[in-house]
Asks: 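Next up is a structure, given as structure tokens.
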Protein chains: 2
Amino acid sequence: MRLDEDDRPASGADDPMRGYEASLPIALLRAREATMRRFKPHIDAHNLTVQQWRVIRALADSGPLDARTLSERCVILPPSLTRIFRTLEAKGYIVTVAAPDARRHTVALTDKGRTLYEEMAATSERIYEEIEQAFGAEKMRRLLELLIELRDTADALSREAPPE
Amino acid sequence: MRLDEDDRPASGADDPMRGYEASLPIALLRAREATMRRFKPHIDAHNLTVQQWRVIRALADSGPLDARTLSERCVILPPSLTRIFRTLEAKGYIVTVAAPDARRHTVALTDKGRTLYEEMAATSERIYEEIEQAFGAEKMRRLLELLIELRDTADALSREAPPE
DNA sequence: TATTGTTATACTCTATAACTATA
DNA sequence: TATAGTTATAGAGTATAACAATA
């Protein structure tokens, strides 16, 4: 599929909801589904859920984090995080660490957790590069840029005009 | 956030996994979460789940569809669709219709379902336009184009080299 | 014999409210 | 009094396998 600059209006205002396939939430969902399909077997093979893997990645990327931060970054609600902490701690991938504010539940990767991450990251990178190569590195870069910008825009909207 | 053309390499190869926030699946998830946050209260207000709303939209866009097609388009597994059919049929929004192939469970919107869709579509369009205006119509157009193309690319990869 | 859905089952996540502990 | 998390609970989605019906 290829839409060139002038073969349709820039705004969708005269194309109500722009058709199911091209609607923004659906397009985001389906793009995610199609790419995750390639990562999923790899995550399954390590007996992790997708959400557990997001937590491990976030910790590997940023060091110890509290529940609130992980909840935002991983898009996981606090009650789910509580359970994920229990599961990952039982498996020895994370530990609870002391924090200045005793209300905060802060966790960090263990050595075992970091080893797991490093193994998985290597394969993830290979899968990502396969997609990037097929899609085009420049387009991928632009897509990531737009996605992050869209998120910032929507977040800003929600701050100034909370949804309903 | 603004990344210009030359302040980082085009390929992420030397930036393993490109950092949590900029990884493709996470960027897709968070962009979706940030935009869906604005649509969600509107869907809640009509006592639908997000998945039920996707089914209704797909039917409104394409006319009667069978379970397999809806499963693909809406990214919902068949067992969930079975339950969603029951729920939406009980609420009077859809009906089962006869199909040439009696194995296929095909459903269509009722008048009540179409009325619901039209009411909701009007508000959805308003919410979408608010985001589009804040983000920029041209960037939104480009983003949708890239998302659809990424999906096609990943689907093609999965056809030629099934994931694991 | 292959395909389409449904059922069964187990697990996980989503979502909200109520509660506990700390600040 | 406000904040951070946990617990409780209900509901829905995810995922796989087994089954029924149809082609």
Side-chain angles (χ1 to χ4, degrees), chain A residues 25-26 29-30 32-34 36-37 39-56 64-91 94-107 163-164, chain B residues 25 29-30 32-34 36-37 39-56 64-91 94 96-107 163-164:
Chain A
I26 304 295
L29 176 66
R30 296 202 50 173
R32 179 171 157 76
E33 192 271 338
M36 276 307 294
R37 190 185 309 159
F39 287 98
K40 189 74 180 6
H42 169 230
I43 296 172
D44 288 346
H46 290 272
N47 281 302
L48 294 178
T49 65
V50 174
Q51 287 81 354
Q52 286 165 0
W53 171 233
R54 286 209 297 278
V55 170
I56 289 173
L65 293 173
D66 62 289
R68 165 188 264 267
T69 305
L70 282 167
S71 175
E72 282 174 18
R73 292 207 193 159
C74 300
V75 190
I76 295 173
L77 292 178
S80 295
L81 259 191
T82 296
R83 185 163 21 78
I84 288 170
F85 283 175
R86 262 203 301 270
T87 304
L88 294 181
E89 198 148 16
K91 289 185 174 181
I94 64 172
V95 282
T96 297
V97 298
D101 181 341
R103 289 174 304 184
R104 293 192 133 80
H105 189 167
T106 301
V107 297
E164 308 302 87
Chain B
L29 175 67
R30 295 202 51 174
R32 179 171 157 76
E33 192 272 339
M36 276 307 295
R37 189 185 310 160
F39 288 98
K40 188 77 179 7
H42 170 229
I43 297 172
D44 288 346
H46 291 270
N47 280 301
L48 294 178
T49 66
V50 174
Q51 287 82 352
Q52 288 166 358
W53 170 233
R54 285 208 296 278
V55 170
I56 289 174
L65 293 172
D66 62 291
R68 167 188 261 267
T69 306
L70 281 168
S71 175
E72 283 174 21
R73 292 208 192 156
C74 300
V75 191
I76 295 173
L77 292 180
S80 295
L81 259 190
T82 296
R83 186 159 22 77
I84 288 170
F85 283 174
R86 260 203 302 271
T87 305
L88 293 181
E89 199 149 15
K91 289 185 174 181
I94 65 173
T96 297
V97 298
D101 181 339
R103 289 173 305 185
R104 294 190 132 81
H105 189 168
T106 302
V107 297
E164 307 303 270

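These numbers come from a predicted model, not from an experiment. Lettering follows sequence order; numbering is per chain, from 1.
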Asks: With sequence neighbours left out, write down each residue that passes side-chain hydrogen bond (donor to acceptor under 3.5 Å, both in side chains) with A/Arg73, or none if nothing qualifies.
Replies: A/Ser62
Asks: Rounding to a whole Å, what distance do you find between B/Ile43:CD1 and C/dT14:C1'?
Replies: 14 Å
Asks: B/Thr82 side chain: which of D/dA4, C/dT6, C/dG5 is closest?
Replies: C/dT6
Asks: Would you mind telling me which residue lines up with the more 5' stretch of DNA chain D, A/Pro78 or B/Arg54, judged by nearest nucleotide?
Replies: A/Pro78
Asks: Mind calculating the distance between CZ (A/Arg86) and C1' (C/dT12) to the nearest angstrom?
Replies: 13 Å
Asks: Under 6.0 Å from the CZ atom of B/Arg37, do we count more than 12 heavy atoms belonging to anything else shown?
Replies: yes
Asks: In whole angstrom, give the distance that lies between atom CH2 of A/Trp53 and atom P of C/dT12.
Replies: 19 Å
Asks: Please identify each residue that fulfils side-chain hydrogen bond (donor to acceptor under 3.5 Å, both in side chains) with A/Arg32, with sequence neighbours left out.
Replies: none
Asks: Quickly work out the B/Leu29 CG to C/dC13 C1' distance and round it to whole Å.
Replies: 13 Å
Asks: In chain order, what residues pass the side-chain hydrogen bond (donor to acceptor under 3.5 Å, both in side chains) check against B/Arg54, with sequence neighbours excluded?
Replies: none
Asks: State which of C/dG5, C/dC13, D/dA4 makes the closest approach to the side chain of A/Arg104.
Replies: D/dA4
Asks: In a check of side-chain contact (heavy atoms from CB on, under 4.5 Å) between A/Val107 and each of A/Val95, A/Val97, A/Leu70, which one passes?
Replies: A/Leu70
Asks: Mind checking A/Ser80 for me? I need base, sugar-phosphate or nothing, with any heavy atom below 4.0 Å counting as a touch.
Replies: base
Asks: Rounded to whole angstrom units, what separation is found between the CZ atom of B/Phe85 and the P atom of C/dT7?
Replies: 12 Å
Asks: Hey, is the side chain of A/His105 poking within less than 4.0 Å of OP1 or OP2 on D/dA4, counting only N and O atoms?
Replies: no
Asks: For B/Leu88 and D/dA12, give me the distance from atom CG to atom C1', rounded to whole Å.
Replies: 13 Å
Asks: If I take atom CD1 in residue A/Ile84 and atom C1' in nucleotide C/dT14, what distance separates them, rounded to the nearest angstrom?
Replies: 12 Å
Asks: A/Phe39: which residues meet the ring pair (Phe, Tyr, Trp, His ring centres under 6.0 Å) condition with it, sequence neighbours left out?
Replies: none
Asks: Scan nucleotides 16-23 of chain D against the protein and return all N/O pairs shorter than 3.5 Å with their distances rounded to 0.1 Å.
Replies:
unit_1	atom_1	unit_2	atom_2	d
D/dT22	O2	B/Arg103	NH1	3.4
D/dA23	OP1	B/Ala102	N	3.0

Asks: Strictly by salt bridge (charged side-chain N to carboxylate O under 4.0 Å, His left out), give each pair with a member in residues 76-91 of chain A just once, sequence neighbours left out.
Replies: none
Asks: Starting at atom CZ of A/Arg83, determine the distance to atom P of D/dA10, rounded to an integer number of angstrom.
Replies: 16 Å
